[in-house]
Amino acid sequence: MDNPKYFLAALLAALMLLLALLWFNSDSNSQVTTVPIIESTLTQSLDGQRRFLTLDLGEGNTHVISVPISVQCNLQELAQIEIATDRLGHVSYHFISCH
């Protein structure tokens, strides 16, 4: 890249790509809700233990989320989760607590 014009054009293109990626990845909508816990599963693997909760999202929909191993949720409890939807419509679920 001996010519500064090409270097500046490549730098501007990379900067515009970075800004576009940051814009698409930012959360545009999130809500906190409480859902019933269907099942709590503790698994053992070669790299340690993991805990998963199966949640009833309503209307026959369920979702499995990973929670910290220290979380002890009973089946009679409710889980408080954050449901985030990004600009492209992808939904993600984040565990907050159980009570």
Asker: For the residue pair V64 and T62, establish whether any side-chain heavy-atom pair is separated by less than 4.5 Å.
Answerer: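 No, their side chains stay 4.5 Å or more apart.
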
Asker: Which distance, rounded to the nearest 0.5 Å, do you find between the CZ of R51 and the OG1 of T43?
Answerer: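 If we round to the nearest 0.5 Å, R51:CZ and T43:OG1 are 9.5 Å apart.
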
Asker: Determine, using the 4.5 Å side-chain heavy-atom cutoff (strictly less than), whether I65 and V91 are members of one ILVMFWY cluster.
Answerer: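 Yes, same cluster.
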
Asker: Is there side-chain contact between I81 and L57, with heavy atoms separated by less than 4.5 Å?
Answerer: yes

Asker: If I compare all heavy atoms of E77 with all of H99, which pair ends up nearest, and what's the gap?
Answerer: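 Shortest heavy-atom separation between E77 and H99 comes out as CB-O, 3.4 Å.
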
Asker: With side-chain contact (heavy atoms from CB on, under 4.5 Å) as the test, pick out the partner of V71 among S40, C98, S97.
Answerer: C98

Asker: Would you give the length of the straight line joining atom CZ of F95 to atom CD of E82, rounded to the nearest 0.5 angstrom?
Answerer: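 Here the rounded value is 13.0 Å.
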
Asker: So if I apply the side-chain contact (heavy atoms from CB on, under 4.5 Å) rule between I37 and each of T54, L55, L78, which one comes out positive?
Answerer: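 Output: one option passes, namely L55.
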
Asker: Got a donor-acceptor contact below 3.5 angstrom from the N74 side chain to the Q76 backbone?
Answerer: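 No.
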
Asker: Apply side chain to side chain contact (heavy atoms under 4.5 Å, CB included) to the pair L53 and C73, showing each step before the final yes or no.
Answerer: CA-CA 8 Å; L53 294 179; C73 296; 4.1 Å; yes

Asker: So S45 and R50, do their side chains get closer than 4.5 Å, heavy atoms only?
Answerer: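 Yes, at least one pair of side-chain atoms sits under 4.5 Å.
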
